[in-house]
S.K.: 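First, the structure itself, so that you have it in front of you.
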Amino acid sequence: TVMMQQPMVGEFHTVTTETPVEGEPQKLAVSILEAHGLENMNNFTGDHPYAVCEISGKGVKFETKPVTEGDTMNPFWGETHTFESYCPGDSLEFTVYDKGLLGSKTEGKVLVPPELVYPTGFSGMLAISGFPHSVLHVIIRPLGPSVPEETVVTTDVSKSKKKKKLSVGKKSKGCC
């Protein structure tokens, strides 16, 4: 059982975005910069920490590359990923793992409530549950509404090429 802790106080940045339509998916940039104060979990093969960010309950996530060299108790990832379909009201869950030979062990978790995600974003250190001196440094930036992409299709009609623009619609109107 892993206990969740609320994030520590960070800097809040106001981000100007278009007013969202109810249930409209939003783009969200999430940067996982570094962690401090992780504990040594793997004495045999050494520690190889990595972090995962997931939109709680949605199964949409990304993970950083494991840090295998340098100070693995204070790893630096410096990675930014974009969620294309964040729904206002969803929480983000960050989990720090240690990758071993036979799988990964959970170092700890942080649950970031929706009011720290959208619409203002968050930048700061988050307390990692289960480790009183461990923190995760993240930046969360709302980027505005997700926009359906346009696809250009080239068709070959009697030796001349014509381009057709096709609009690709959203999979669903609502987000939640």
S.K.: Could you tell me if the side chain of Val138 sits less than 4.5 Å from the side chain of Leu126, heavy atoms only?
M.R.: yes

S.K.: Please round to the nearest 0.5 Å and tell me the distance separating atom CG of Leu28 and atom CZ of Arg141.
M.R.: 9.0 Å

S.K.: How long is the gap from CG on Leu136 to OG1 on Thr95, to the nearest 0.5 Å?
M.R.: 9.5 Å

S.K.: Give the minimum heavy-atom separation between Ser85 and Pro25, together with the two atoms involved.
M.R.: CA-CB, 3.9 Å

S.K.: Identify the heavy atoms of Glu24 and Gln26 that sit nearest to each other, and give their distance.
M.R.: O-NE2, 3.4 Å

S.K.: Tabulate below the donor-acceptor pairs under 3.5 Å that side-chain atoms of residues 73-82 make, not counting sequence neighbours, or state none.
M.R.:
unit_1 : atom_1 : unit_2 : atom_2 : d
Asn74  : OD1    : Gly37  : N      : 2.8
Asn74  : ND2    : Asp71  : OD2    : 2.8
Trp77  : NE1    : Pro49  : O      : 3.4
Trp77  : NE1    : Thr64  : OG1    : 3.3
Trp77  : NE1    : Lys65  : O      : 3.3
Glu79  : OE1    : His81  : NE2    : 3.1
Glu79  : OE2    : Lys65  : N      : 2.9
Thr80  : OG1    : Ser31  : OG     : 2.6

S.K.: Do Leu33 and Ile139 have side chains that get closer than 4.5 Å, going by heavy atoms?
M.R.: yes

S.K.: What's the verdict on side-chain contact (heavy atoms from CB on, under 4.5 Å) for Phe122 and Val112, showing C-alpha distance, side-chain angles and the deciding distance?
M.R.: CA-CA 9 Å; Phe122 175 84; Val112 180; 5.6 Å; no

S.K.: Any chance you could measure His36, atom NE2, to His137, atom NE2, to the nearest 0.5 Å?
M.R.: 8.0 Å

S.K.: Restricting to ring-ring contact (aromatic ring centres under 6.0 Å, His included), what partner residues turn up for Phe94, sequence neighbours left out?
M.R.: none

S.K.: Less than 4.5 Å apart, side chain to side chain, heavy atoms only: is that true for Phe83 and Leu92?
M.R.: yes

S.K.: Testing the basics here: between Ser91 and Pro113, what is the closest heavy-atom pair and its distance to 0.1 Å?
M.R.: OG-CA, 4.0 Å

S.K.: Grab the two heavy atoms, one from Leu38 and one from Val96, that are nearest each other, plus how far apart they are.
M.R.: CD1-CG1, 4.0 Å

S.K.: Minimum heavy-atom separation for Pro142 and Pro119, please, with both atom names.
M.R.: CG-O, 3.4 Å

S.K.: Side-chain contact, heavy-atom cut-off 4.5 Å: Lys58 with Asp90?
M.R.: yes

S.K.: Out of curiosity, Lys27 NZ to Glu84 CD, how far, rounded to the nearest 0.5 Å?
M.R.: 4.5 Å

S.K.: I'd like to check the side-chain hydrogen bond (donor to acceptor under 3.5 Å, both in side chains) partners of Tyr97; sequence neighbours left out, ordered by chain and number.
M.R.: none

S.K.: Where is the tightest heavy-atom contact between Ala127 and Val110, given as atom of each residue plus distance?
M.R.: O-CG2, 3.0 Å

S.K.: Would you compute the distance between atom CD of Glu54 and atom CD of Glu63 and round it to the nearest 0.5 angstrom?
M.R.: 11.5 Å

S.K.: When rounded to the nearest 0.5 angstrom, what distance separates CD1 in Ile128 from CD in Glu39?
M.R.: 10.0 Å

S.K.: Indicate yes or no for a side-chain donor-acceptor contact from Thr68 to the backbone of His48 under 3.5 Å, with no hydrogens or angles considered.
M.R.: no

